[in-house]
Amino acid sequence: MFTSSRVSSFHRHMKTHANEKSHLCHLCLRTFRTVTLLRNHINIHTGTRPYKCGDCDMAFVTSGELLRHRRYKHTHEKPFKCSMCKYASVEASKLKRHIRSHTGERPFQCSLCSYASKDTYKLKRHMRTHSGEKPYECHVCHARFTQSGTMKIHVLQKHSENVPKYECPHCATIIARKSDMRVHLRNLHTYKATEMKCRHCSSVFHERYALIQHQKTHKNEKRFKCKHCNYACKQERHMTVHMRTHTGEKPFTCLSCNKRFRQKQLLSVHFKKYHDPSFIPAVFECPKCGKGFSRWVVY
DNA sequence: AATCTACGCGCCCTCTGCTGGTGCCAG
DNA sequence: ACTGGCACCAGCAGAGGGCGCGTAGATT
């Protein structure tokens, strides 16, 4: 509802409801209500921008645009201040948009899903996820992207020579993307309240990277040491067999002659040699000492 | 009525950061 | 051969900057 204390303003406003557009642009045949609007419009055709910025090459059709430009680029004057944080803006509409980040208000509802946006642009951008539209094309490999920023990163990482790299301050790992570095730091270098145990010993850690580094120290380590002699080995099963040399235990018995063995393999060799009819005895005889061998061996 | 000025809306852009799928590699 | 972990990668949303342009208030 329009109200005004001035008759002139009222009359002018009423003209906005009338379709009377008597001022014709002779370049595109578009019509305007006032001569000022027509003049501004013609300035767009002719490129006439009377309001020039004194600090850069920009020029504008109206003085208001110039003032706003100067605030953005040169004076940095931000008259619109947020009452809830330090944010300040050049334009009131920007403050209004910013305040939605405090209130959580999302006036722009997607018609196809539950998503709602705080501003029109985000909704428009979101709609590409439904349409499948990918407006941005890589000029090198012609891959297509939904957002310009995604394409920019793609070109930088895939087609640029001086690819930026991010080095982890804790472990010197090189990672291509800043956001991935955050993931790396979160997964490997953040303190965790719950203890992480070493899979080889009783050590515990609160940082995953420290655990991994520690576990590497166990690699090639002969962790199983005999308490009776100098013997050491990597696997527990080897130590079990070795211990029988100290205990005298011989758990494997030959069913044919009751001879006992410490290892299953020794029993197997014994059985084949003495009780298996298909066993081929030594056929290659040493020409010097006469000892027989089952295989031909060159010394 | 014409003009200047301030305001509001809309559009487009960039920067930022999180997420989940994927391929590779070590265990 | 299988599995879990990690860097790589594209998809996607949040926040904010900058400008075009129409309209209303104020002034000439």
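All of these numbers come straight from a predicted model, not from anything done at the bench. Basis for what follows: all heavy atoms, side chains included, without hydrogens, waters or symmetry-related copies. To find a chain, count down the sequence lines: A is the first, B the second, and so on, and within it residues start at 1.
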Problem - Any A:K178 side-chain N or O less than 4.0 Å from OP1/OP2 of B:dC18 - result: no
Handout entry: Minimum heavy-atom distance between A:Q147 and A:Y136, given as atom pair plus value
Key = C-CD1, 3.5 Å
Practice task
Looking at every strand, decide which applies to A:Y136 at a 4.0 Å heavy-atom threshold: base, sugar-phosphate, or nothing.
Solution key: sugar-phosphate
Exercise for the section: Identify whether A:L156 and A:V140 are in the same connected component of the hydrophobic contact network (ILVMFWY, side-chain heavy atoms under 4.5 Å). Expected result: no
Handout entry: A:A210 to A:F205 - nearest heavy-atom pair and separation
Key = CB-CD2, 3.8 Å
Problem - Between B:dC4 (P) and A:F60 (CZ): distance, integer Å - result: 18 Å
Practice task
Quickly work out the A:I174 CD1 to C:dC8 P distance and round it to whole Å.
Solution key: 10 Å
Practice task
Measure from the side-chain N and O atoms of A:E137 to the backbone N and O of A:A143, and report whether any donor-acceptor pair falls under 3.5 Å.
Solution key: no
Handout entry: Strand contacts (DNA chain C) in residues 85-104 of chain A, 4.0 angstrom heavy-atom criterion
Key = A:Y87, A:E91, A:K94, A:R97, A:H98, A:S101
Practice task
Check whether any side-chain nitrogen or oxygen of A:Y115 sits under 4.0 Å from OP1 or OP2 of C:dG14, and answer yes or no.
Solution key: yes
Practice task
Evaluate the side-chain proximity of A:H154 to A:H159: yes if any heavy-atom separation is below 4.5 Å, no if none is.
Solution key: yes
Exercise for the section: Could you state the atom-to-atom distance from OH of A:Y209 to P of C:dA7 in whole Å? Expected result: 11 Å
Problem - Contact list for DNA chain C against residues 68-78 of chain A - heavy-atom distance below 4.0 Å - result: A:R68, A:H69, A:Y72, A:K73, A:K78
Fill in the blank from the handout: Exactly one of A:K96, A:R71, A:K78, A:R68 clears side-chain hydrogen bond (donor to acceptor under 3.5 Å, both in side chains) with A:E91, and that residue is A:R68
Practice task
Would you check if there is a donor-acceptor pair between the side chains of A:T62 and A:E65 at a distance under 3.5 Å?
Solution key: yes
Practice task
Indicate yes or no for a side-chain donor-acceptor contact from A:S160 to the backbone of A:V155 under 3.5 Å, with no hydrogens or angles considered.
Solution key: yes
Problem - ring-ring contact (aromatic ring centres under 6.0 Å, His included) evaluation trace for A:Y209 with A:H170 - result: CA-CA 9 Å; A:Y209 182 77; A:H170 304 295; 8.6 Å; no
Problem - Spacing between A:Y121 atom OH and B:dC9 atom C1', to the nearest angstrom - result: 17 Å
Exercise for the section: Give a yes/no on whether any side-chain N or O of A:R177 is located under 4.0 angstrom from OP1 or OP2 of B:dT16. Expected result: no
Handout entry: salt bridge (charged side-chain N to carboxylate O under 4.0 Å, His left out) between A:D55 and A:R70, intermediate numbers included
Key = CA-CA 8 Å; A:D55 292 313; A:R70 289 189 55 73; 2.7 Å; yes
Exercise for the section: Specify the closest pair of heavy atoms between A:L95 and A:F80, including all atoms of both residues, with the distance to one decimal. Expected result: CD2-CB, 3.9 Å
Problem - CA sep, side-chain torsions, deciding dist, call: A:M127, A:S111, side-chain contact (heavy atoms from CB on, under 4.5 Å) - result: CA-CA 9 Å; A:M127 293 310 284; A:S111 58; 4.2 Å; yes
Fill in the blank from the handout: To the nearest angstrom, the CG-C1' distance between A:L66 and C:dG18 comes to 14 Å
Problem - Whole-Å distance separating the CG atom of A:L185 from the P atom of B:dG17 - result: 13 Å
Completion exercise
Students should find that the end-to-end axis angle of the helix from B:dA1-C:dT28 to B:dG27-C:dC2, with five pairs defining each axis and rounding to 10 degrees, is 10°
Problem - Pairwise side-chain contact, A:C53 with A:H74, heavy-atom cut-off 4.5 Å (strictly under) - result: yes
Handout entry: Phosphate contact (B:dC18 OP1 or OP2) by A:S179 side-chain N/O below 4.0 Å
Key = no
Completion exercise
Taking every heavy atom of A:A116 against every heavy atom of A:R106, the minimum-distance pair comes out as O-NH1, 2.8 Å
Handout entry: Non-hydrogen atoms of A:F108 and A:T120 that approach each other most closely
Key = CE2-CG2, 3.3 Å
Handout entry: Nearest-Å distance for atom pair CZ/P, residues A:R182 and B:dT19
Key = 12 Å
Exercise for the section: Look at the side chain of A:K158 and decide which nucleotide, out of C:dA10, C:dA7, C:dG14, has an atom nearest to it. Expected result: C:dA10
Could you tabulate the donor-acceptor pairs under 3.5 Å formed by side-chain atoms of residues 177-187 of chain A, not counting sequence neighbours?
residue : atom : partner : partner atom : Å
A:H184  : NE2  : A:H189  : NE2          : 3.2

Practice task
Please answer: with hydrophobic residues joined when any side-chain heavy atoms are less than 4.5 Å apart, are A:F60 and A:L67 in the same cluster?
Solution key: no
Completion exercise
Taking C:dC19, C:dA10, B:dT14 as options, the one with an atom nearest any side-chain atom of A:F145 is C:dA10
Handout entry: Residues from residues 122-131 of chain A lying under 4.0 Å of DNA chain C - heavy atoms
Key = A:K122, A:R125, A:H126, A:T129
Completion exercise
Within residues 147-156 of chain A, those residues having any heavy atom closer than 4.0 Å to DNA chain B are A:S148, A:K152
Fill in the blank from the handout: Here the distance between atom P of B:dC12 and atom CG of A:D119, to the nearest Å, is 12 Å
Practice task
Answer yes or no: side-chain N or O of A:N187 and base N or O of C:dC6 forming a donor-acceptor pair under 3.5 Å.
Solution key: no
